[in-house]
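To start, the structure itself, in structure tokens.
All residue numbers refer to positions in the sequence shown, counting from 1. As the structure is a computational prediction, the values presented were derived from the model and not from experiment.
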Amino acid sequence: MRSFFWWVPPLHSGICWGGSVFTKFLQYLQKIIASYSGKLSNLLGKSKATSRNLKVVLHDFPGGAESFELISRFCYNHGSTDITPSNISLLYCAAQFMEMNNSVTGTHNLLEKSEKSFEEIRYWTWSELLMALKQCQDLLPAANSLSLLEKCLDTLVARLPLTSEASPCPSTSSPDSSGIRFSCDTRSTESLKTSSSRATWWFEDLLVLGPNLVEMLVKSMISRKLDHVIISRFLFYYQKSKFYTVKSDAKRTFVETVIDMLYILDQSCVSCKSLFGILRVALNLNINKSSRNKLESMIGSQLDQAILDNLLVPSPRGINYLYDVNLVLRLLKSFLSGGICQASPTRLRRVAALVDLYMAEVAPDPCLKPSKFVALAMVMPDSARDSYDELYHAMDMYIEVHAGLSEEEKMKICCVLNYEKLSAQTCIHISQNKKFPSKAAVQALVSQQLKLKSLLHATNNSKSYADSPCSAAEVGNAGRKFDANEQLVLYARKLDLAADNVKLRAHLQGMQCRVMELEKLCKKLQTQMATFTKSRVSSHSHARSVPKLCS
């Protein structure tokens, strides 16, 4: 709390404390200053104390001694003073605090004069606006309660969309602004030629603002419909610049303010890469839970734009994992909670591919528990993956590193696999993988058997078409179907089953023979149809070449 003890102004240095001189000073004080201040007049009028033990204490006096000297000069100059953008904030707030709206003559109203001068704010230069804004910031909360700060912010924001082609700073600075040097005063015109600089010339100038003013500034920008991309870029620039200049205790406040402001923007206008940059900073600052949830929600909403390096965040202290798996799980749940599964299957598959890469990266971690690995494998729905091959390779690596896993734990990991979405090569690898449970190998072979049965059913249908009259196009389609499934047949030929699966191998070989026979039949039909078509074409062209007889 700011307290101000009444003091003898420097203009009357001949007046000393004590005795009759002090009594005369009090009388002078009542006559001059109290005549302009309703608050002081009431305090002195109600006081019943003697002059020797009288003490005036003003709590939360806006602007401190500097403001008091300004209003003292106003009083000593018979209600006359120069009101400029450099002192108007101090005079306005001090006049409001001291209730200087009623004078003896009724014509020297400091509050009214300040308000009239403030009406000319639209004519102030950019530097004068920044100076007044900085002064309002130092006067908080007094300036905020008087709506003085909002007026400065609104005027400043109104300049931004109208002056995107060049800096609004005049060629010469005003005499009142010589004490503060802003970047725009010396910015060369060449630096404003590019489109980027034309849109962001004001970034560096607004670094003088604190977190409270930045919050008000961004809300004012949003209300005036400024481009959210530019606003987000300013917030990222502000966070980076302040992070290296403020003390460690203040860093948390700046980061939380930036996160809260980014959260109210259109998320499609916020850079995912920059959000991950703030995330790494925020994790080391222990920001509040609300801001952390907002940041994770923003990242989760556009997780499909992330890359593997973004997710490789080191674990916090006290956790043995190499990477922060819990953080990634929260981001994935945030992504899925946005209803993206139904809205965009493409984005869903992109994130699933990213998860497979991440699992392959964390699988060699010897400290990663099976429950966390399974949680990563199960977090994405089955529809997000067209193939489970990459997920299998991550599982194979995890089981190989964690050799002490029980059969039950291995089965929990393998249960995540969808064997129908595994390639033939992967199924062969599973059947030969001694580290995997035998049940998983059998399931992989059964899956391949079902695929071959489906192929056999399709080829039987093709044979029925071949026995019946059909066109060349139908035969060609059948041939292409055999070609498309030829690789699957070859894989079936390569199966090397264990002794306990001899019956299954014999069955597969029997189906293979039938498929090969049907394939030969189809090729024979294709040759016959090609010969037949060629003969028809040649006979038709010969008939047209015979000259027409005269009638």
Return the set of residues passing salt bridge (Lys or Arg N to Asp or Glu O under 4.0 Å) with [X] (not counting sequence neighbours), or none when no residue passes.
X	answer
Lys116	Glu112
Lys333	none
Asp382	Lys421

Drop me the distance from [X]'s [atom1] to [Y]'s [atom2], to the nearest 0.5 angstrom.
X	Y	atom1	atom2	result
Leu308	Leu357	CG	CG	6.0 Å
Leu156	Leu129	CG	CG	5.5 Å
Leu111	Leu91	CG	CG	10.5 Å
Trp202	Asp205	CH2	CG	10.0 Å
Leu153	Met221	CG	CE	9.0 Å
Arg350	Ser344	CZ	OG	7.0 Å

Phe243: ring pair (Phe, Tyr, Trp, His ring centres under 6.0 Å) partners, not counting sequence neighbours: none
Could you work out, with ring pair (Phe, Tyr, Trp, His ring centres under 6.0 Å) as the rule, every residue matching His228, not counting sequence neighbours? none
Side chains of [X] and [Y], heavy atoms from C-beta outward: is any pair under 4.5 Å?
X	Y	answer
Ile307	Asn310	yes
Pro370	Leu405	yes
Met395	Val416	yes
Val379	Leu336	yes
Pro85	Met131	no

Asn284 vs Arg280, side chain to side chain contact (heavy atoms under 4.5 Å, CB included): CA-CA, chis, key distance, verdict: CA-CA 7 Å; Asn284 295 325; Arg280 291 180 180 269; 5.7 Å; no
For [X] and [Y], indicate whether the former's side chain and the latter's backbone hold a donor-acceptor pair under 3.5 Å.
X	Y	result
Ser315	Tyr323	yes
Ser297	Asn293	no
Gln302	Ile299	no
Ser117	Lys113	yes
Ser67	Pro62	yes
Gln267	Leu262	yes
Gln305	Ser271	no

Selection residues 254-275 - residue pairs positive for salt bridge (Lys or Arg N to Asp or Glu O under 4.0 Å), sequence neighbours left out: Asp260-Lys294
All pairs passing salt bridge (Lys or Arg N to Asp or Glu O under 4.0 Å) where residues 319-330 contributes a residue, at least two apart: Glu296-Arg330
At their closest point, which heavy atom of [X] faces which heavy atom of [Y], and how far apart are they?
X	Y	answer
Leu226	Val157	CD1-CG1, 4.2 Å
Thr155	Arg122	CG2-CA, 4.5 Å
Met298	Ile259	CE-O, 3.8 Å
Lys372	Leu368	CB-CD1, 3.8 Å
Pro366	His402	O-NE2, 3.4 Å
Val255	Ala282	CG1-CB, 4.2 Å

Derivation and outcome, side chain to side chain contact (heavy atoms under 4.5 Å, CB included), residues Phe236 and Ile278: CA-CA 8 Å; Phe236 288 126; Ile278 289 187; 3.5 Å; yes
Does Arg385 form a side chain to side chain contact (heavy atoms under 4.5 Å, CB included) with Asp356? I'd like the steps, not just the answer. CA-CA 10 Å; Arg385 291 185 176 92; Asp356 292 344; 2.9 Å; yes
Not counting sequence neighbours, list each pair that qualifies as a ring pair (Phe, Tyr, Trp, His ring centres under 6.0 Å) and has a residue in residues 345-382. Phe373-Tyr398
Inter- and intrachain pairs under ring pair (Phe, Tyr, Trp, His ring centres under 6.0 Å), touching residues 261-300, at least two apart: none
Would Trp124 and Phe118 count as a close aromatic pair, with their ring centres under 6.0 Å? yes
Below 6.0 angstrom between ring centroids: does that apply to Tyr238 and Phe203? no
List the residues meeting side-chain hydrogen bond (donor to acceptor under 3.5 Å, both in side chains) with Glu120, not counting sequence neighbours, and say none if there are none. none
What pairs with Thr253 under side-chain hydrogen bond (donor to acceptor under 3.5 Å, both in side chains), at least two apart in sequence or on another chain? none
Applying side chain to side chain contact (heavy atoms under 4.5 Å, CB included) to Val214 and Leu235, what does each step give before you reach the verdict? CA-CA 9 Å; Val214 166; Leu235 288 171; 4.0 Å; yes
Run the side-chain hydrogen bond (donor to acceptor under 3.5 Å, both in side chains) check on Ser86 and Thr84 step by step: do they pass? CA-CA 5 Å; Ser86 63; Thr84 64; 2.8 Å; yes
Using 30° and 60° as the class boundaries, would you call the ring planes of Phe68 and Phe61 parallel, tilted or perpendicular? perpendicular
side-chain contact (heavy atoms from CB on, under 4.5 Å) against Val229, all qualifying residues, sequence neighbours excluded: Asp227, Arg233, Cys269
Check this for me: does any side-chain nitrogen of one of Arg349 and Asp304 sit under 4.0 Å from a carboxylate oxygen of the other? no
